[in-house]
Protein chains: 2
Amino acid sequence: MSGLAAALEVVGARWALRIVEQLLDGPQRYGDLQRDLGVPTNMLATRLRELETAGVLRRLPLKHNTRAYALTERGLALRGAIDALARWGSAHVGEPAAGAADPQR
Amino acid sequence: MSGLAAALEVVGARWALRIVEQLLDGPQRYGDLQRDLGVPTNMLATRLRELETAGVLRRLPLKHNTRAYALTERGLALRGAIDALARWGSAHVGEPAAGAADPQR
DNA sequence: CGCTGATGCTTGCAAAATACAAGTGGCGGG
DNA sequence: CCCGCCACTTGTATTTTGCAAGCATCAGCG
């Protein structure tokens, strides 16, 4: 399998990259991620489980019923890719699109 | 909206980045993309329409009923992000996962 | 001890995205 | 005229995602 296909199997699902991006700022708790991203709670739980299984992040137990999610080395290695995508989004989305599609002309 | 969220609205759908990756090798025809990627034909048609609307690629008419799809400048600008993701996938997927999740130990 | 609030989820169900299979329309060659 | 290639469309099943509500645990408080 190509590298891109492999990467997308892990972080290609909806919200996955957004979650990792948030965690690049440091470990965060479940409720923080939920409020910052606006992600549905069941999706967040599912993604966190998948990303933990994939070795992208791990759970850090805090006090009693609170815990934090932190990126592993593998998760931190996504910073370059995320930054590149974010820069592309900032630079190229919402602009007039020089070579835009317009079947009428 | 953050840059990453904007980017994912355009290229976050399934197959979108794979399609762009293929086109980084130069313009290709519909059937070529379909065979190289193994993408369902209706999804391919839908994605190509969306990516064209977003100004990521454009159609090049060839002879009679054949045409090629080629990246625009905006599409080519994705090369860095795609390469970064592909490198991450090659390096970090399928490996033993040093800090892997394993609740049993 | 029982109540309350915070936190981190799970569960049930509807909507949307995706996959699979088959069919359509244009055109060139025989 | 008919056949095959090419680029799709259409109908339907399956999977993913979203929304709303509920559950479990524990600390703090009276």
Side-chain angles (χ1 to χ4, degrees), chain A residues 1 4-23 26-54 56-71 101-104, chain B residues 1 4-23 25-54 56-71 101-103:
Chain A
M1 187 186 325
L4 182 61
L8 291 178
E9 289 221 338
V10 175
V11 293
R14 199 165 291 175
W15 298 107
L17 273 185
R18 303 279 308 275
I19 291 168
V20 175
E21 184 191 31
Q22 277 294 313
L23 294 180
Q28 306 211 11
R29 292 177 306 161
Y30 189 93
D32 296 334
L33 290 169
Q34 195 175 309
R35 276 182 290 274
D36 290 345
L37 294 175
V39 49
T41 177
N42 51 351
M43 281 295 102
L44 180 55
T46 301
R47 290 291 166 269
L48 289 174
R49 240 182 287 125
E50 293 169 350
L51 291 172
E52 186 184 12
T53 300
V56 172
L57 54 82
R58 68 203 142 116
R59 295 146 145 247
L60 299 181
L62 300 185
K63 35 195 68 172
H64 73 293
N65 54 350
T66 70
R67 62 206 65 172
Y69 291 89
L71 294 180
D102 186 359
Q104 302 314 319
Chain B
M1 187 186 324
L4 182 60
L8 291 178
E9 289 221 338
V10 175
V11 292
R14 199 165 290 175
W15 297 109
L17 274 185
R18 304 278 308 275
I19 291 168
V20 174
E21 184 191 32
Q22 277 294 315
L23 294 179
D25 290 344
Q28 306 210 11
R29 291 176 306 160
Y30 188 93
D32 296 334
L33 290 169
Q34 195 174 310
R35 276 181 291 274
D36 290 345
L37 294 175
V39 49
T41 177
N42 51 351
M43 281 295 102
L44 180 55
T46 301
R47 290 291 166 268
L48 289 174
R49 240 182 285 125
E50 293 169 351
L51 291 173
E52 185 184 13
T53 300
V56 172
L57 54 82
R58 68 204 143 115
R59 294 148 147 248
L60 299 180
L62 299 186
K63 38 195 63 172
H64 70 294
N65 54 350
T66 70
R67 61 207 68 174
Y69 291 89
L71 295 179
D102 187 358

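So you know, we letter chains A, B, ... as the sequences are listed, proteins then strands, and number each from 1. The figures that follow rest on heavy atoms only: side chains count, while hydrogens, waters and symmetry mates do not.
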Quiz item: Do Arg18(B) and Val39(B) come close enough that some side-chain heavy atom pair is under 4.5 Å?
Solution: no
Self-check item: Matching residue for Leu44(A) among Thr46(A), Asn42(A), Leu48(A) - test: side-chain contact (heavy atoms from CB on, under 4.5 Å)
Solution: Leu48(A)
Practice problem: Indicate for each nucleotide in nucleotides 25-30 of chain D, in 5' to 3' sequence, whether protein heavy atoms under 4.0 Å reach the base (B), only the sugar-phosphate (S), or nothing (-). | Solution: BSS---
Self-check item: Atom of Leu23(B), atom of Tyr69(B) and distance for their closest heavy-atom approach
Solution: CD2-O, 3.3 Å
Practice problem: Measure the distance from CG on Leu44(B) to P on dT9(D) and round it to the nearest whole Å. | Solution: 10 Å
Self-check item: Partner residues of Arg47(B) under the salt bridge (Lys or Arg N to Asp or Glu O under 4.0 Å) criterion, sequence neighbours left out
Solution: Glu50(B)
Exercise. Go through residues 36-43 of chain A and report each residue with a non-hydrogen atom lying under 4.0 Å from DNA chain C, sorted by number.
Key: Thr41(A), Asn42(A)
Quiz item: Could you give the distance from OG1 (Thr66(A)) to CG (Leu60(A)), rounded to the nearest 0.5 Å?
Solution: 10.5 Å
Quiz item: Closer to the 5' end of DNA chain D via nearest nucleotide, is it Ala68(B) or Arg47(A)?
Solution: Ala68(B)
Quiz prompt | Residues in contact with DNA chain C, drawn from residues 10-20 of chain B - heavy-atom cutoff 4.0 Å | solution = Arg14(B), Trp15(B)
Quiz item: Nucleotide range of DNA chain C contacted by chain B, 5' to 3', under 4.0 Å to a heavy atom?
Solution: dT18(C) to dG28(C)
Practice problem: For Thr66(A) and for Ala45(A), locate the closest nucleotide of DNA chain C by heavy-atom distance; then report the residue assigned to the nucleotide nearer the 5' terminus. | Solution: Thr66(A)
Distance-only check: which donor-acceptor pairs under 3.5 Å involve side-chain atoms of residues 28-35 of chain A, not counting sequence neighbours?
unit_1	atom_1	unit_2	atom_2	d
Gln28(A)	NE2	Gln22(A)	O	3.4
Tyr30(A)	OH	Thr41(A)	O	2.7
Tyr30(A)	OH	Thr41(A)	OG1	2.7

Exercise. Can you sort out the partners of Arg14(A) under salt bridge (Lys or Arg N to Asp or Glu O under 4.0 Å), two or more places apart, ordered by chain and number?
Key: none
Quiz item: Using a heavy-atom distance cut-off of less than 4.0 Å, which residues of residues 27-35 of chain B contact DNA chain C?
Solution: none
Quiz item: Which pair of heavy atoms, one from Leu17(A) and one from Val11(A), lies closest together, and at what distance?
Solution: CG-O, 3.7 Å
Quiz prompt | Integer-rounded Å distance: dC8(D) P and Leu62(B) CG | solution = 11 Å
Self-check item: Atom of Trp15(B), atom of Gly38(B) and distance for their closest heavy-atom approach
Solution: CH2-O, 4.1 Å
Quiz item: To the nearest 0.5 Å, how far apart are CG in Leu51(B) and CZ in Arg58(B)?
Solution: 14.0 Å
